[in-house]
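See structure below.
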Number of protein chains: 2
Amino acid sequence: MKRLVKLVGGVVLVAALLPNAVAADDKEVIEYRQHIMNALNEQAAALGMIMSYAIPDDNAVAHFQAIALTAKTALKAFEPKVQGGEAKPDVWANWADFSKRMNEFAQNSEAVAKLGAAQGTEAAMQRVLDALPCKSCHDIYRTESKSKGKK
Amino acid sequence: MKRLVKLVGGVVLVAALLPNAVAADDKEVIEYRQHIMNALNEQAAALGMIMSYAIPDDNAVAHFQAIALTAKTALKAFEPKVQGGEAKPDVWANWADFSKRMNEFAQNSEAVAKLGAAQGTEAAMQRVLDALPCKSCHDIYRTESKSKGKK
């Protein structure tokens with residue numbers, strides 16, 4: 001709404017009354033979180049190619065940093081209780097556990113990214129599972145049917 | 001090779017003689033840069049949903065930051081002169097222009113991300129084309145056949 005306020009002066013009062021007026025519909029909620037999880041998947045795949053020595057490691061720290069940043073955005077995208085996509089209903093049924101895992105993912109991946117920036121790629125690689133706990137969470141909270149080929 | 005040096009002491013000399021010993025094959029080079037461009041595409045799509053008011057803007061600054069970080073990694077991924085994927089041969093035929101555009105994208109998207117972090121989402125949104133010059137570059141350097149549905 002803030003953008004509308006800037007563009008159209010007349011709606012200032014409306015925006016003030018509705019500070020969180022953006023209401024995403026269910027399809028959009030699902031699509032948005034999929035963009036975030038897909039971004040994580042692409043970054044993890046790029047990092048995986050470096051880990052397996054297929055690609056030189058020039059970008060490794062930046063990949064860790066991008067994963068850490070994206071991890072921070074993921075939980076917010078699941079907050080609306082909208083079932084669908086590849087998310088199991090358990091995401092919301094076990095929200096305390098799901099959100100704990102997501103927050104730990106965000107915190108740990110940020111720590112690994114900082115370690116990489118301070119001490120180099122190799123130091124970060126030693127803690128890569130902290131930065132990429134993908135499978136442990138997907139095994140519980142993601143449906144298998146649509147996730148072939150993903151981590 | 002550094003990881004091998006750490007794991008297997010006996011190859012220290014080999015690693016010293018071959019400091020850039022990771023030689024990606026052509027298929028891997030293409031796959032790696034696709035992961036990076038796909039990550040950019042997913043982040044841009046997520047940001048696009050916020051720009052169009054489909055999704056609240058809580059994550060907007062983080063999306064800008066992730067785009068800036070990923071943009072930094074993109075040029076390196078195109079340095080090996082390996083044609084294929086969606087990249088036109090012009091990428092390498094016009095490398096001076098392509099790399100200039102990629103570097104400007106990285107610099108400008110970082111500036112917009114910093115603006116967003118300092119002054120908030122709305123300030124960043126005003127300069128969104130600096131952070132997302134996708135189409136102007138894709139029109140020149142990406143094949144159209146495979147890029148349907150992408151920005």
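Chain letters run A, B, ... following the sequence lines, proteins first, then strands; residues in each count from 1. The structure presented is a predicted model; accordingly, all values stated were derived computationally and were not measured.
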How long is the gap from [atom1] on [X] to [atom2] on [Y], to the nearest 0.5 Å?
X     : Y     : atom1 : atom2 : result
A:R33 : B:N59 : CZ    : CG    : 14.0 Å
A:E31 : B:M49 : CD    : CE    : 4.0 Å
B:L40 : A:Q43 : CG    : CD    : 8.0 Å
A:E42 : B:M37 : CD    : CE    : 11.5 Å

Q.
Looking at every non-hydrogen atom in both residues, tell me the closest pair between B:I55 and A:E28 and how far apart they are.
A. CD1-O, 3.7 Å
Q | Candidate list B:T70, B:L69, B:T73, test side-chain contact (heavy atoms from CB on, under 4.5 Å), partner A:H63, passing option | A | B:T73
(Q) Applying a strict under-4.5 Å side-chain criterion to I, L, V, M, F, W and Y, I'd like to know whether B:V61 and B:V128 cluster together. (A) no
Q.
Is there a path of hydrophobic side-chain contacts, each under 4.5 Å between heavy atoms, that joins A:L115 and A:F64?
A. no
Q: Verify the neighbour count for atom NZ of A:K114: are there more than 12 heavy atoms of other residues, nucleotides or ligands below 6.0 Å?
A: no
